[in-house]
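Heads up: numbering here begins at 1 and tracks the sequence.
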Amino acid sequence: VQLQASGGGLVQAGGSLRLSCTYSGKWFSITSMAWYRQAPGNKRELVAAISSGDSTNYSDSVKGRFTISRDSAKNTVYLQMNSLKPEDTAVYYCGARRHWNALLRVGPDDWGQGTQVTVSS
C-alpha cells in the first residue's frame, strides 16, 4: 500500500485548506483511514478517522472545524479544515489500517509522507 498526501500550505488564521490522501491498492473500500498531525516537539496525534462504513472520529480540538470524508471511486480520503488556528500548524500524515477498532486503538499499519500545514496569526 502506498499513501500519497497533498494539499498542505500556508494559510492565515480563519482560513481553510483541504488535504487529500490517495491510496494505491485494491482494498481501499474496506480499509479505515485517518489523518494524524505532528507539531515540532510534540507526539503525533490523531486528528480524524473514517471507517469503511463512514463512521468518523475526531479529536476534541478539531470537532466542528474539520471534516473527514472518503471517495471510494477515487481511492482518496480528504480532510477539510475550516476556521484554522495557529495551533493547527503541523505536519499532517494520512494512515491506513484494515480494522476500525484497531486503527483507533493502535494506529495505522501504513503511513503516507507528511504534508506541511502552516497557519499564520
Is there a donor-acceptor pair under 3.5 Å between the side chain of Asn75 and the backbone N or O of Gly25?
yes
Below 4.5 Å, heavy atoms only, C-beta onward: do Val47 and Met81 meet side chain to side chain?
no
Could you grab the distance from atom CG of Leu3 to atom SG of Cys21, nearest 0.5 Å is fine?
4.5 Å
Can you list every pair that meets side-chain hydrogen bond (donor to acceptor under 3.5 Å, both in side chains) and has a residue in residues 62-74, with sequence neighbours left out?
Asp60-Lys63, Arg65-Asp88
Under a 4.5 Å side-chain heavy-atom rule over Ile, Leu, Val, Met, Phe, Trp and Tyr, are Met33 and Val1 clustered together?
yes
Within 45 degrees of the ring normal and closer than 6.0 Å to the centroid, is that where the cationic atom of Arg44 sits relative to Tyr36?
no
With clusters defined by side-chain heavy atoms of hydrophobic residues (ILVMFWY) lying less than 4.5 Å apart, directly or transitively, does Tyr78 cluster with Ile50?
no
Run the numbers on Thr118 and Gln116 for side-chain hydrogen bond (donor to acceptor under 3.5 Å, both in side chains), then give the verdict.
CA-CA 6 Å; Thr118 302; Gln116 176 71 46; 3.3 Å; yes
Could you walk me through whether Leu84 and Phe66 pass the side-chain contact (heavy atoms from CB on, under 4.5 Å) test, one step at a time?
CA-CA 9 Å; Leu84 282 161; Phe66 291 11; 3.8 Å; yes
All heavy atoms of Ser51 vs all of Ser32, minimum pair found to be CA-OG, 3.5 Å
Ile68 vs Tyr58 side-chain heavy atoms within contact, under 4.5 Å:
yes
Do Arg37's NZ or CZ and the ring of Tyr93 fall within the cation-pi criteria of under 6.0 Å and 45°?
no
In residues 95-112, what donor-acceptor pairs under 3.5 Å come from side-chain atoms, sequence neighbours left out?
unit_1: Arg97; atom_1: NH1; unit_2: Gly107; atom_2: O; d: 2.9
unit_1: Arg97; atom_1: NH1; unit_2: Asp109; atom_2: OD1; d: 3.2

Apply side-chain contact (heavy atoms from CB on, under 4.5 Å) to residues Thr76 and Tyr23 and explain how you reach the verdict.
CA-CA 6 Å; Thr76 300; Tyr23 174 107; over 6 Å; no
Side-chain heavy-atom pair Thr22, Phe28 within 4.5 angstrom cut-off
no
Heavy-atom count check: over 12 atoms from other residues, nucleotides or ligands less than 6.0 Å from Gln2 CD?
no
Side chains of Leu79 and Leu17 in contact at under 4.5 Å (non-hydrogen atoms)
no
Does a side-chain heavy-atom distance below 4.5 Å link Leu19 with Thr115?
yes
Just how far is it from atom CZ of Arg18 to atom CG of Asn82, taken to the nearest 0.5 Å?
11.5 Å
Please report, to 0.1 Å, the donor-acceptor pairs under 3.5 Å made by any side chain of residues 4-13, with sequence neighbours excluded.
none

